[in-house]
Amino acid sequence: MKIFSKTVLLKKEAAKEAYGYIKNVLNEEDEQDLMRAAVLKDLFDCGRCVMNVAQVYLKGIILPKEERLFGNDEELDEDELLKAEERIFFPEKRRKPAISVSIREIRQADISEVKKAGKARIIDVRSEEEFSRGHAEGAENIPLERLIINPHLIGNDIYEPIVFVCSKGLKSYKAALTAEEAGYRDIAYAKM
Amino acid sequence: MKNCSVTSPEVIDDIEYKYDSFDNGKVLHGKKKGHLPAMGWNSWNAFGSGNTEALTKEIADKMIELGLDKLGYRYIVLDDGCYKPERVDGKLSNEETKFPSGFRALSDHLHKKGFKFGMYNDIGTRLCAGAYVGTCGHEAEDAKSYTEWGVDFLKVDNCYYLWDNATFSEAANAKYVFAPAIASVKVSKIADDSGKPYEKVFTAGRDMFTAGEGVCTEEIEGKVYFTHIGTFDGTGPMRTPVRPESGEVCFLLDIDEGRYSFSFDCISGQEEGRGSWLQIAAVRDDETSDVIYLFDGEFTGGELEFSFEKGKYKIRLMNHRRQENTLYSYAKLLEGLNEADPEHDIIYSLCEWGKTQPQNWAKKVGDSWRILNDISFHVGSDGDPGFTSWTDGYTPAVTSQYNKAVVMDEFSGLDKGWNDPDMMVIGMGGLDTVQYRTHMTMWCMMNSPLMLGLDLRRVQKGDEIYDIIANKEIIALNQDTLGIQAKRIYCSLLEKDFNKEYVTNNNRVDILAKPLSDGSVAVSFINVSDHVKTAGLEMSLSNIVKAFEGKADLSGLLKASCYEIKDLWTGEVKKSTARVLKTGRLEPHDQLTIRVWGK
């Protein structure tokens with residue numbers, strides 16, 4: 001073992017040692033736009049690990065347990081650590097994740113498709129009054145005015161797929177722009 | 001004094017620890033009021049867990065060389081990373097490579113140089129960096145150690161906390177801080193000689209109603225349940241800090257004297273929103289009565305029995321343990337400090353990242369309370385300044401912290417304590433000089449603790465960073481004896497409630513005003529956005545005076561015939577007779593901060 005201090009390490013410990021080596025010995029540049037790593041729901045569980053985990057994840061050195069979970073407290077055995085070392089020394093072997101900045105796309109969606117797929121959160125941005133008179137099944141109501149003031153009302157998960165809806169497609173488009181500027185990544189807008 | 005339990009949440013009989021007492025104006029364990037925001041240097045942002053005795057001494061010398069001690073930066077705080085990973089004979093012990101002389105020697109050394117000495121611990125079982133030396137269950141011994149070491153300041157964190165799902169704690173600890181999901185309660189009189197029976201079922205959404213905020217109505221297998229009976233987690237930027245932060249479920253009883261059974265149709269759990277701990281209280285409908293606390297414990301379903309006198313009651317089903325458990329734990333250490341040294345004046349800095357909405361209760365025990373998760377997740381080390389941002393989708397950014405603290409002015413004060421938007425990041429990578437300067441202005445206007453977090457060995461007298469951290473006039477705002485946090489009196493995204501509406505959209509300008517002890521007022525025009533504001537801003541003095549009616553008497557300003565206006569960054573002084581303050585063009589992230597005296 002050339003880099004890691006032990007033959008078995010917790011993933012977050014391995015991330016710390018790997019990033020330390022990459023940065024201080026190999027003098028590699030940091031990956032930018034760390035919020036791309038926020039696709040990992042457990043990224044902020046360990047404050048002091050955030051930078052280490054984000055870098056080794058974005059560089060494709062240590063792989064997440066699942067698409068949206070890094071697995072900070074998982075144990076890596078000698079075999080996995082040796083593979084990680086290989087990826088450090090041979091960049092062509094790194095397995096960078098498939099997220100890119102272009103995921104921040106706002107697309108016009110067909111609301112019936114969305115309802116059928118059932119995967120996205122539907123946020124109706126009309127007024128409370130209009131919403132109470134009738135809305136799509138399962139839709140939440142955050143009036144546009146409230147969303148513009150506090151986009152974080154959407155929630156703490158910036159990768160959760162969201163579809164904004166309104167009656168004409170104008171308010172929902174504005175909502176989508178506001179959410180994108182606030183850092184949300186999987187946004188669509190539609191009219192009802 | 002009994003230390004905190006490590007096996008179960010405390011039995012809390014003393015109502016002074018309960019939610020209902022948070023606003024009764026009383027403090028616990030003789031907590032001293034009147035402390036201004038703490039100023040000093042903390043090792044975390046500068047060196048992370050890599051801080052050492054040698055580095056600390058160099059920093060102290062550098063602070064004297066730069067004259068920072070004379071400007072008020074007095075507290076030198078050792079953050080995480082200074083203890084041995086395990087207790088020695090049950091006591092805290094210095095890590096011998098990093099702190100070879102021990103804490104008493106370092107404390108004496110710093111005291112001799114005119115500084116105050118600060119240390120760090122955690123109300124859980126382990127510190128955030130992992131050492132098994134959290135104060136939980138050891139409060140008495142640790143308080144004694146801190147007193148023996150001459151500690152003047154304690155920052156206490158919340159990792160590995162046993163009675164909530166805090167950072168590194170078990171996720172299942174959520175069971176302590178949420179009530180079960182409740183569908184209905186059947187109240188029936190247990191048969192007695194009086195003869196008159198009573199039975200009523202109170203159902204969620206029908207004759208059971210919610211109070212406060214946060215309680216959700218969910219349909220689970222065809223039945224309607226009230227869920228999320230507990231307190232909002234304030235660690236992230238989602239939730240406003242100024243509204244009620246918890247919710248209860250209530251129903252009304254109009255009953256004869258007797259013994260009654262409460263039979264619950266509920267589902268318990270161990271997750272955020274659905275827990276296994278219930279609190280029940282009864283309030284008689286004549287408003288002069290005290291609250292009767294009926295039950296406060298683990299509950300997964302079934303029946304409870306209570307005796308009542310004849311009367312009309314509002315029954316409250318709730319769970320305020322997220323706040324009460326945390327308050328209890330922080331209070332325990334204060335109790336220990338009092339026991340170890342009744343004369344102590346230790347500054348108590350609470351660091352539970354806003355998780356339990358400390359703005360509601362921390363004034364009972366502490367001098368400041370963190371309001372969010374960290375301002376940087378990439379702190380520095382010897383040779384690396386670390387990294388943060390101006391804006392971010394989560395908390396590691398200047399604006400994320402500012403946006404929340406700026407609407408929390410009503411929670412702070414000399415009789416309460418201060419909102420803590422985390423230690424300063426002046427000197428960190430990811431920000432430019434304009435942003436450092438606006439960050440310093442914001443923290444000073446908001447009466448935040450001013451804890452420097454950079455390797456001061458990089459700073460020279462007269463360089464850009466020095467000019468920012470050593471600005472006497474700006475520091476004077478923070479240390480003004482009136483102790484009133486600035487109020488936001490204008491926000492370009494709002495039409496009203498400028499100091500109450502929580503705004504996280506950074507595409508805006510804010511105007512803050514702060515009344516000062518000599519009758520003057522400081523006004524800060526802040527361009528939070530990434531775009532130039534070419535059109536100037538205006539603010540009338542009468543608006544400012546009106547905004548502080550009842551809080552500070554600025555009416556003298558309106559009686560003046562002319563004004564002296566000083567730009568607190570350029571030093572330029574202007575005289576004016578106009579009763580309206582105007583700015584010119586404001587660059588992105590920049591500010592104009594002036595102090596106005598009426599003559």
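Remember, predicted model here, so these are calculated numbers, not experimental data. The sequence lines fix the lettering, A, B, ..., with proteins before strands; numbering per chain opens at 1.
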No hydrogens needed, just list the donor-acceptor pairs between chain A and chain B under 3.5 Å.
{"residue": "R146(A)", "atom": "NH2", "partner": "E501(B)", "partner atom": "OE2", "Å": "2.5"}
{"residue": "I148(A)", "atom": "O", "partner": "N505(B)", "partner atom": "ND2", "Å": "2.9"}
{"residue": "I149(A)", "atom": "O", "partner": "T504(B)", "partner atom": "N", "Å": "2.8"}
{"residue": "I149(A)", "atom": "O", "partner": "N505(B)", "partner atom": "N", "Å": "3.3"}
{"residue": "N150(A)", "atom": "OD1", "partner": "T504(B)", "partner atom": "OG1", "Å": "2.7"}
{"residue": "N150(A)", "atom": "ND2", "partner": "M238(B)", "partner atom": "O", "Å": "3.2"}
{"residue": "E181(A)", "atom": "OE2", "partner": "N507(B)", "partner atom": "ND2", "Å": "3.1"}

Determine which pairs satisfy disulfide bond (SG atoms under 2.5 Å apart) with at least one residue from residues 40-88 of chain A, sequence neighbours left out, and list them in order.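 The answer is C46(A)-C49(A).
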Quick check on the interface: out of P237(B), A129(B), G236(B), who has the most heavy-atom pairs with chain A under 4.5 Å? P237(B)
Non-hydrogen atoms of chain A under 4.5 Å away: do they reach the side chain of C128(B), the backbone, both or neither?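 Both backbone and side chain.
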